[in-house]
Amino acid sequence: MPALAAVRAANAAFSPAYFPVAVFVGGTSGIGRATAEAFARYTKGNAHIVIVGRNKSAADEVIASFPKPTEPAAKHEFVQCDVFLMRNIQATTATLRERLPKINFLVLSPGLFNFRGRDETAEGIDKRLGLHYYARWKFVYDLLPLVRKAKDAGEDAKVMSILAAGQGGPVNLDDLAMKKSYNVAKAGMTSPTYTDLMFEHYAKENPDLAFIHIYPGFVATPLVLASPWAFRPLNYLAKALATSPEDCAEYMLYGLFQTEKGFSRRNQKGDDIGNHRHYGSEEERERVWEHSKEEIDRALAVKIPAA
Ligand SMILES: *[C@@H]1O[C@H](CO)[C@@H](O)[C@H](O)[C@H]1NC(C)=O
């Protein structure tokens, strides 16, 4: 288990021979934000960094905190997208595919923290499963051609989902969308397993790319600290016990930089955990893949009346 100082030193050694392009989905808050900020620091702002999220004023703050670049090609920008809806993601990825020459690092971290039961978007996808899994599936599916271009140029080409490697549960083939039976705990254990299976599928088809599923552990993010009032007393405890987003971001970047290629599951210290608490057979992997594609196509076809 590398110590924080060693992790920082390893991250500081990141010095690519190419000009990096990084996309942070969910980079306006919490761990995603801290990871984007750390990335900007280690590249001294000399990168094209795209923050995708909902909150423009938060994004403006994040971008203002980045070091001022010295290279003319550097660009720090916000792309507004409410990632609850698959059609919004489709529109955003279409413009990114037109505008960006490549993506070296695609980091996905949109999250939701509450104790509500199944809560559907206008497209009929549960919000929790949507943010933690389907939205990320859609971003990777749509942007993979840009990641491929980075690899074809001999550069880093990596996709990372900051979720919960090693915290998943078994697959229920009779209810893959969790429409028949739903509870918060089960939903919380479903997305991590689906993430493993999704990345295994991608890694099998793209063995030269890197796919990382990493668990941030318990971090004092705004999502956690803004938990329902009944849990507020826990916040004091949380602040005392939790990792800060800044320290967590170091471990997240470490996991990203240290994975050369293939699929890697990592813990809150950035260590590879192999198949620890891995669920899902090969058959389940392909069933979840087909289900994800079908469920997102179904969501895209839903007619939403204009407000
Ligand atoms: C958006 O970000 C700003 C600045 O961080 C914050 O004050 C505001 O509460 C956020 N809005 C929402 C809806 O989260």
Side-chain angles (χ1 to χ4, degrees), residues 22-43 45 47-69 75-89 91-92 95-96 107-123 125-136 138-139 161-164 184 187-188 191 216 218-236 238-239 242-250 252-253 304 306-307:
V23 176
F24 293 88
V25 179
T28 52
S29 178
I31 298 157
R33 174 180 183 153
T35 305
E37 286 172 345
F39 184 85
R41 229 175 30 249
Y42 285 123
T43 54
H48 186 166
I49 302 175
V50 183
I51 307 278
V52 180
R54 267 189 300 177
N55 190 333
K56 182 173 187 310
S57 52
D60 289 345
E61 280 175 20
V62 177
I63 289 172
S65 79
F66 290 173
K68 298 293 161 270
K75 193 170 175 185
H76 307 152
E77 60 171 325
F78 173 57
V79 173
Q80 197 155 29
C81 179
D82 180 343
V83 304
F84 274 122
L85 293 184
M86 297 301 134
R87 64 201 59 196
N88 296 345
I89 299 173
T92 297
T95 62
L96 291 177
V107 178
L108 307 150
S109 65
L112 174 155
F113 186 80
N114 64 38
F115 298 92
R116 235 173 271 153
R118 190 177 170 89
D119 180 14
E120 291 187 355
T121 66
E123 292 177 337
I125 286 184
D126 171 62
K127 289 181 180 170
R128 187 185 324 272
L129 291 174
L131 285 194
H132 292 160
Y133 176 68
Y134 295 106
R136 300 174 190 215
K138 179 72 176 149
F139 270 105
S161 181
I162 300 177
L163 189 63
V184 174
S191 294
F218 188 40
V219 181
T221 65
L223 269 188
V224 170
L225 298 178
S227 52
W229 62 268
F231 293 91
R232 290 246 167 95
L234 283 178
N235 288 351
Y236 296 101
K239 274 189 190 145
T243 313
S244 71
E246 292 68 32
D247 288 353
C248 176
E250 296 288 345
M252 300 297 102
L253 271 193
I304 301 180

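Note that ligands are numbered from 1 as they come in the structure, with each ligand's atoms numbered from 1 the same way. Here the structure is a predicted model, which means the values were calculated and not measured.
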Does the D126 side chain pair with the main chain of E120, one donor and one acceptor, at a distance under 3.5 Å?
-> no
At under 4.0 Å between heavy atoms, which part of E61 makes contact with ligand 1: side chain, backbone, both or neither?
-> side chain
V184 side chain near R116 side chain, heavy-atom distance below 4.5 Å = no
Take R41 and E37, measure what salt bridge (Lys or Arg N to Asp or Glu O under 4.0 Å) needs, and give me the verdict at the end.
-> CA-CA 6 Å; R41 229 175 30 249; E37 286 172 345; 6.0 Å; no
So, R128 side chain and D119 main chain: donor-acceptor pair closer than 3.5 Å or not?
-> no
Considering only protein heavy atoms, which is closest to atom 8 (C) of ligand 1, and at what distance to one decimal place?
-> N55 ND2, 3.7 Å
Does atom CZ of R54 have more than 12 heavy-atom neighbours from other groups under 6.0 Å away?
-> no
Any protein heavy atom nearer than 4.0 Å to atom 14 (O) of ligand 1 = yes
Measuring to protein heavy atoms, does anything land under 4.0 Å from atom 2 (O) of ligand 1?
-> yes
Which atoms of ligand 1 have any heavy atom of S57 under 4.0 Å away?
-> 1 (C), 2 (O), 3 (C)
